[in-house]
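Following: one structure in structure tokens, then a few remarks.
The model shown is predicted, which means the values in this text are computed figures rather than measured ones. Labels below follow one simple rule: chain letters A, B, ... track the order of the sequence lines, proteins then strands, and each chain is numbered from 1.
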Amino acid sequence: MTFEDVLRWQGMSRALERRLEDEGRAEGEWCTPEECTCGGGGPAGTAGADEGIPAEGWVNGEAIPAEAWASGDLHALHGSPELGEAPTTAGARAGAPAVTPGSDAAPRVPGAELLEKPLNRRRALGTLFGTLFAGTQAAGACTSLIPLDEDKKEEILLDWQDKLKGNFRRMTDAEKAETIHRLERLARLRRGVDLNITTTDAPEGVLFGYAFNISKCKGYRECVAACVKENNQDRRTGIQYIRIFEMEGSEVDFEHATAEYQHDVPAEGHLYLGTQCFQCGSPPCVEVCPVGATWKEPDGIVVIDYDWCIGCRYCIAACPYWARRFNWGEPEIPTEEINPNQHYLGNRLRRKGCVEKCTFCIQRSRVGRLPACAEACPTGARVFGNLLDPDSEIRWVLENKQVFRLKADLGTDPQFFYYMD
Amino acid sequence: MLRDLLRDLKAFLFSALDAATSGGRKYHVWMGTLTGFILLGGYAYMIQLRDGLQVTGMTDHVSWGLYISNFSFLVGMAAAAVMLVLPAYVLKDVDFTKAVLIAEGVAVSALVMCLGFVVVDIGSPFRAWHMMPVVGSLNWPRSMLAWDVIVLNGYIVLNSCIPLYILFSHYRGKQPSKLYIPFMYLSVFWAVSIHMVTAFLLAGLPARPFWNSSLMGPRFLASAFAAGPAYMILVLSFIKANSEYPIEDAAISKLAMVATVAAQVNLVMIGSEVFKEFYFPTHHSINAQYLFFGLHGHDALVTWIRTSIGVNIVATAMLMLHPIRRDPRWLRAACIALFIAIWMDKGMGLVIPGFVPSPLHEIVEYQPTWVEFAVTGGIWALGLFVLTVLVRVALPIELGQMRSPYLTEEELAAAQEAASSH
């Protein structure tokens with residue numbers, strides 16, 4: 001096994017290059033402008049514009065002019081400008097003649113771009129493991145007379161590189177772009193889906209807050225269904241972030257409540273109260289994580305790096321609101337139900353053995369859309385917005401209603417308020 | 001010099017391997033049985049690795065189960081070695097000089113089990129390197145689990161290196177230099193810290209009022225210093241009966257005193273907690289209500305905890321009566337009872353009720369699956385296997401029967417002299 005072998009394995013994404021060319025796409029692009037819904041739609045007010053090209057989009061907190069959308073300048077939209085840093089790629093996108101399939105002079109594929117960067121230690125390890133593992137698989141395949149195709153080899157290699165990546169918070173922008181690229185490619189290889197994973201940063205001057213009107217909620221649980229659909233939760237075990245409690249009488253008392261009600265709602269003489277992650281100002285779950293896989297973002301959202309989580313479940317024990325969920329088995333979700341518009345810290349596909357939770361739909365809220373639960377609520381019980389914006393609806397609620405927070409005595413400072421009409 | 005050292009080290013490893021693998025039929029049956037349990041546990045763990053933790057009885061509601069229960073108990077067993085280290089090395093009590101090496105072996109085997117239970121509880125064990133320095137990012141000092149990783153690994157290093165150094169010196173016919181003494185003192189403080197940190201790991205969670213008690217740390221120590229010496233008495237009695245290793249009766253009777261006092265203190269603390277939970281029950285007492293009396297018809301742990309406390313009281317009473325404590329057979333019976341009672345209490349009786357009911361007052365009970373039982377049995381077998389091997393190697397060295405083949409006649413005679421004079 002020489003280093004050249006390793007490099008050859010690295011160049012395996014030629015298969016991808018061929019496929020892209022067959023489909024008439026430029027290198028580095030994963031979807032054509034026509035079919036692209038990346039960015040998850042436009043800012044607030046254009047939530048319904050998914051089908052068409054929105055007037056403008058937000059990426060990394062910056063507005064993208066409509067022309068960029070129209071002209072298909074998708075590199076910026078993918079939040080991964082680094083992918084386009086190789087000048088040849090940019091040229092190819094700008095209309096340079098596409099390399100004919102099969103030509104030897106066609107090394108400029110995504111994999112090859114990665115090759116040009118100096119291998120850091122972790123990547124080198126990933127490459128090595130991937131190569132070794134692919135080698136053993138190939139050996140096994142030889143005996144069973146089934147050749148290991150290029151896609152399979154590439155998948156194994158990418159999988160190993162992904163296993164050995166670092167904590168998202170410590171990644172440079174280039175590493176983030178590379179990671180996204182890899183995850184999108186893996187999803188293509190494994191599930192045949194084109195994902196659009198973003199790493200949109202927290203917008204400036206935003207602190208997200210949520211208010212829940214317990215007079216309005218009637219327990220329909222439309223929010224729960226919308227949440228599952230939006231956030232790609234495991235369908236087999238039915239992971240749900242939101243719990244709607246049906247409480248007896250008019251008192252907020254979890255002692256006399258159930259979240260497992262199975263009857264027509266609203267039931268006479270009951271009130272309904274929903275819980276989810278409250279994105280605490282002082283989150284105990286973040287304190288206890290032994291590897292720093294969960295943290296609070298500047299816009300107030302408590303996020304998890306699913307791939308950095310080791311699955312010790314200490315955070316589940318630490319959460320006073322029972323907001324965190326664990327993937328006890330391999331999550332399953334039918335391919336046609338996958339929501340392709342994803343955020344690295346939000347609704348991207350999870351794996352077995354990691355913790356997940358509500359992120360106020362980070363993939364939507366950071367580009368100016370409402371969380372799926374707030375959008376789905378048929379009674380208007382859910383108010384979401386920027387706590388720092390004096391003109392926002394949530395500020396109006398906080399200033400004009402009597403509000404309370406659950407277990408405020410614990411000092412966790414939830415950014416989730418309850419109020420009544 | 002260095003060459004001699006390496007030569008002796010090699011000879012030492014071979015002698016140790018020889019000592020650990022040779023023995024009578026009973027010995028082989030014992031080790032074979034343990035190996036069988038380890039293999040069964042390994043098989044169950046492979047299933048768990050393949051399918052994920054869904055093969056356990058744990059859920060989002062009860063997110064820690066049998067594994068962490070055993071872990072929290074075994075940390076105490078490891079910490080209890082200090083009850084022999086302290087008198088033997090710090091107070092220079094000669095009765096403990098021989099027994100202390102066994103205690104350190106017990107600590108190492110308990111720590112192996114602790115680390116085993118932590119590893120099998122992790123959902124993504126292949127990502128455990130995220131905790132390592134440089135390549136990972138340990139959330140220290142914020143996370144108590146990060147502290148626990150450090151103190152447990154530090155303690156296992158201390159407790160294996162010190163006896164290893166002493167044994168290796170004796171093996172080479174030399175007296176160990178006094179260099180290890182500072183480390184010995186360090187290990188005394190370290191022993192207390194491992195159990196306090198493990199208690200803080202649970203007590204530091206305001207989300208779980210059942211654990212969020214300032215008594216947690218002290219009670220962990222009291223129960224550990226009862227169950228640990230009880231276990232040590234059983235091990236020492238067995239060694240005394242089955243080898244010519246000179247374990248002083250005084251060592252056993254002093255350990256019995258330690259266990260008695262600690263068990264009494266532990267009972268006082270249990271009483272104190274029960275009073276606080278039930279004199280004026282609040283919403284925070286609901287977990288204790290579930291544990292001791294059951295809640296809305298859910299009472300999986302009621303018999304468990306009542307048995308534990310009943311056995312605990314009986315064992316403590318037995319230890320408090322001089323004639324019973326001084327009779328070796330009754331003492332052993334009391335020790336077995338005390339050990340089991342505290343295992344029940346500090347394991348399932350402590351960890352599970354912290355989760356039931358949930359912070360939002362939902363009741364989901366926990367029942368371990370066969371995979372959990374098999375893995376748990378495998379780890380216990382592994383711990384006993386390690387302990388057996390350590391004792392098997394330590395005894396002949398301390399008895400002067402196992403010596404470096406490179407010793408000269410005079411050195412050998414001098415070493416023999418030193419060994420017998422102890």
Closest approach of [X] to [Y] (non-hydrogen atoms, all atoms of both residues):
X: A/Cys312; Y: B/Asp121; answer: O-OD2, 3.9 Å
X: A/Gly353; Y: B/Ser124; answer: O-OG, 2.8 Å
X: A/Lys165; Y: B/Trp129; answer: O-CH2, 3.7 Å
X: A/Phe326; Y: B/Asp60; answer: N-OD1, 2.9 Å

Starting at [atom1] of [X], measure out to [atom2] of [Y] and round the result to the nearest 0.5 Å.
X: B/Ser358; Y: A/Phe254; atom1: OG; atom2: CZ; answer: 9.0 Å
X: B/Glu362; Y: A/Arg243; atom1: CD; atom2: CZ; answer: 4.0 Å
X: A/Cys289; Y: B/Arg142; atom1: SG; atom2: CZ; answer: 13.0 Å
X: B/His130; Y: A/Asn167; atom1: NE2; atom2: CG; answer: 8.5 Å

Contact class of [X] relative to chain B, heavy atoms under 4.5 angstrom:
X: A/Arg169; value: neither
X: A/Lys407; value: side chain
X: A/Thr258; value: neither
X: A/Ile316; value: both

Determine yes or no for a side-chain-to-main-chain donor-acceptor pair under 3.5 angstrom, with [X] supplying the side chain and [Y] the backbone.
X: B/Arg208; Y: A/Ala317; result: yes
X: A/Arg313; Y: B/Ser63; result: yes
X: B/Ser137; Y: A/Val291; result: yes
X: A/Lys352; Y: B/Leu49; result: yes

- Looking at B/Ile68, B/Leu201, B/Leu202, which one has more heavy-atom pairs under 4.5 Å with chain A than the rest?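 Most pairs with chain A among the choices: B/Leu201.
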